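What follows is a single structure, written as structure tokens, with notes after it.
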2 protein chains.
Amino acid sequence: MKIKDIAKLAGVSPATVSRVMNKNGYVKAEKREAVEKVIREVGYRPNEIAKSLKNKRSNIIGVIVPKISTETASRVLEGITQIAKERNYQLLISNTNLQIEEEINALEFLSNKLVDGIIISATEVTDQHLAVARQLTVPLVVIGQRMAGFTSILYSNNHAVHDLVDHLVQAGHKKIGFIGVDPKDKEVGQVRKQAYMDALNHHQLPYKEELVAIGDFSIESGYQQMASILKKQRPTAVLAVTDHLAIGAIQCIKDNGLSVPADISVTGLGDVKLAKYLSPPLTTVHYYFKTSGQLAASELFNQIDQLNMENKEIYVDYELRIRASVKKIERNS
Amino acid sequence: MKIKDIAKLAGVSPATVSRVMNKNGYVKAEKREAVEKVIREVGYRPNEIAKSLKNKRSNIIGVIVPKISTETASRVLEGITQIAKERNYQLLISNTNLQIEEEINALEFLSNKLVDGIIISATEVTDQHLAVARQLTVPLVVIGQRMAGFTSILYSNNHAVHDLVDHLVQAGHKKIGFIGVDPKDKEVGQVRKQAYMDALNHHQLPYKEELVAIGDFSIESGYQQMASILKKQRPTAVLAVTDHLAIGAIQCIKDNGLSVPADISVTGLGDVKLAKYLSPPLTTVHYYFKTSGQLAASELFNQIDQLNMENKEIYVDYELRIRASVKKIERNS
DNA sequence: TTGTATGCGTTATCAT
DNA sequence: ATGATAACGCATACAA
């Protein structure tokens with residue numbers, strides 16, 4: 001069923017049908033009703049592809065996520081879909097499984113007029129990313145990383161880690177371990193580690209190589225890195241840069257016959273939904289991932305509508321969530 | 001940049017450029033190279049919308065999910081994306097936020113030739129769903145619910161619950177409570193409840209209204225329903241139809257000064273990623289959600305390729321995960 | 001082996 | 001107020 005068929009059935013021209021469908025232009029009430037009747041009867045729905053070609057607008061935004069099966073990604077997506085729905089937009093999603101090359105491919109593919117704008121939630125920003133991004137003919141918003149020349153939605157990694165360290169120090173901790181991730185991820189790998197070092201320094205605590213371990217984003221990695229730290233020295237507290245790492249670390253501590261927080265306190269970052277249902281409930285930083293998705297989408301639409309083309313760096317709020325995985329220790333350690 | 005421009009720059013006709021891009025038809029090596037060179041130099045990418053209109057194929061599949069921010073949904077999506085990627089397909093995702101009306105809308109919208117096929121992960125199948133589904137001009141695969149006339153990917157809810165009850169009975173439990181969800185969700189609300197009743201019956205245990213409570217899918221609901229059961233009678237074990245309900249129930253039990261599993265054993269269904277990191281680790285049923293996504297996508301592609309148009313009901317595997325949240329009790333209760 | 005011309009389904013311009 | 005028609009960018013039948 002195409003517009004022509006409807007026109008024939010209703011005894012009008014295709015142009016009139018189009019006018020009825022889009023509620024613009026003049027059309028006599030009588031004809032309008034005739035057309036509407038036919039449309040209802042045959043259940044006609046316009047071909048969105050043809051509309052997009054003609055309108056040069058697909059009403060679709062592309063979203064590139066590193067791993068869709070993570071809680072972070074799905075919360076961000078929820079925020080994006082919410083704003084998109086208000087604007088009558090659909091989401092085309094590319095799951096890149098943490099493969100850089102896939103990210104580049106997705107970026108290129110989506111740029112072919114298929115989408116009106118792109119949101120990328122990146123773990124790493126390479127020169128290649130930049131090169132491809134600069135070629136884009138549609139607006140791009142980045143979540144989670146800084147990308148020169150594009151608006152970015154950022155998490156306050158520096159402040160959040162400082163708050164966490166402050167909290168630990170106030171609880172009397174002086175030997176604070178750290179479990180991080182690869183520095184290729186600039187925001188999570190570098191910024192959070194640097195913040196940890198700065199915070200130690202700020203409290204006049206020494207930075208000790210033996211208390212630091214670098215893993216990936218898995219729970220298992222948290223376990224392994226904790227094990228490697230315990231082999232060298234025993235901290236009284238550990239700051240893990242994600243909740244999953246913290247959860248793995250806690251498991252490892254327990255398996256070593258130690259207790260959290262009695263022997264070792266642990267903190268994470270992110271506040272996964274189950275963080276407060278763990279035993280002990282995990283002290284962490286709540287990030288408003290859904291909000292970041294909403295912000296990214298709003299900014300993107302501003303650019304699509306050419307309302308505001310300047311590139312911003314927007315920091316999304318966070319909140320320290322103090323729970324039982326951190327314990328005060330005696331003042332004479 | 002369109003195909004015409006490339007043609008001009010390379011000194012050939014648009015048709016030749018098209019042939020080069022799609023690697024079909026004959027074209028002299030020399031011209032091919034010239035065209036490829038221009039394409040590389042200007043970074044030409046074809047307009048996917050125009051291709052779709054011409055080819056009557058968008059290489060996009062639509063996916064409708066009830067709530068994208070759930071672990072279940074994201075694991076299913078991961079499976080779908082994986083298969084889709086192999087076929088060079090993109091995903092257009094509609095997040096319906098558990099709103100029936102949204103589901104219908106999405107179904108209608110996606111059917112407009114925009115996508116080559118649709119996968120819907122439904123919580124409820126109404127007559128309206130059926131009516132719209134029957135009008136579709138593209139294939140449809142359903143995940144998680146039975147839908148007459150369409151192929152469905154189903155979870156073995158009946159068997160899984162039986163296994164769970166068997167496990168509890170073998171551990172000596174006779175007063176087994178139940179926390180379920182609204183029967184509108186046929187598979188989770190009805191089938192799982194019926195299986196619970198059948199299993200009790202099979203073990204010659206009485207069904208007691210006071211031990212049963214119905215909530216929604218949230219952790220909080222698990223908490224509330226557990227509280228309502230405890231007010232009436234105290235079971236020795238509780239079967240919750242999702243892990244989240246189980247987690248809420250455990251929290252409630254703890255808050256009432258009781259212990260899991262010493263006082264009350266608890267089981268869930270689904271095996272969320274953190275289930276084994278809870279205290280106590282949660283006994284549950286592992287569902288292969290990612291696999292179900294893969295199966296759904298494979299079946300959909302079979303239908304898109306018209307390889308196999310028969311409607312199947314495919315059950316995806318499950319596995320009982322016995323952990324510490326269930327405790328053997330003395331034989332003289 | 002290559003080019004020309006037509007059509008995919010819609011919207012919008014221009015007459016009428 | 002309405003209808004005829006060109007154009008969106010691409011692929012392909014047909015001609016050459």
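The sequence lines fix the lettering, A, B, ..., with proteins before strands; numbering per chain opens at 1. Predicted, not measured: the structure shown is a model, and the values here were computed from it. Keep in mind that the numbers below use all heavy atoms, side chains included, and drop hydrogens, waters and symmetry copies.
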Keeping [X] on the side-chain end and [Y] on the backbone end, is there a donor-acceptor pair under 3.5 Å?
X        : Y        : result
A:Gln303 : A:Met309 : no
A:Lys85  : B:Asn95  : yes
A:Asp185 : A:Asp182 : no

Measure [atom1]/[X] against [atom2]/[N] and give the value in whole Å, please.
X        : N      : atom1 : atom2 : result
A:Lys4   : D:dA4  : NZ    : P     : 11 Å
A:Lys8   : D:dA4  : NZ    : C1'   : 14 Å
B:Leu114 : C:dT10 : CG    : P     : 12 Å
A:Arg57  : D:dA7  : CZ    : P     : 24 Å
A:Ile3   : D:dA7  : CD1   : C1'   : 15 Å
B:Met1   : D:dC10 : CE    : P     : 11 Å

Exercise. Strictly below 4.0 Å, heavy-atom distances to any atom of DNA chain C: list the hits from residues 12-31 of chain B, or just say none.
Key: B:Val12, B:Ser13, B:Ala15, B:Thr16, B:Arg19, B:Tyr26, B:Val27, B:Lys28, B:Lys31
Exercise. Under 4.0 Å from any atom of DNA chain C, heavy atoms only: list the residues of residues 45-53 of chain A that qualify, in numerical order.
Key: A:Pro46, A:Asn47, A:Ala50, A:Lys51
Quiz prompt | A:Glu33 with A:Lys37: basic N within carboxylate O range, under 4.0 Å | solution = no
Quiz item: Between A:Asp305 and A:Arg57, does at least one N-O distance fall below 4.0 Å, as a salt bridge requires?
Solution: yes
Exercise. Look at atom CD of A:Glu313 and say whether more than 12 heavy atoms of other residues, nucleotides or ligands are closer to it than 6.0 Å.
Key: yes
Quiz item: If only side-chain N and O atoms of B:Lys54 are considered, is one of them under 4.0 Å from the OP1 or OP2 phosphate oxygen of C:dC8?
Solution: no
Self-check item: Short side-chain N/O contact to C:dT10 OP1/OP2 from A:Tyr44, under 4.0 Å
Solution: yes
Quiz item: Checking all strands, does A:Lys56 fall into the base, sugar-phosphate, or nothing category for heavy-atom contacts under 4.0 angstrom?
Solution: sugar-phosphate
Quiz prompt | A:Leu300 vs A:Ile61 side-chain heavy atoms within contact, under 4.5 Å | solution = yes
Quiz item: With respect to A:Thr126, which candidate in A:Glu124, A:His129, A:Gln128 satisfies the side-chain hydrogen bond (donor to acceptor under 3.5 Å, both in side chains) definition?
Solution: A:His129
Exercise. Using side chain to side chain donor-acceptor pair (under 3.5 Å) as the criterion, list what pairs up with A:Thr291, not counting sequence neighbours.
Key: none
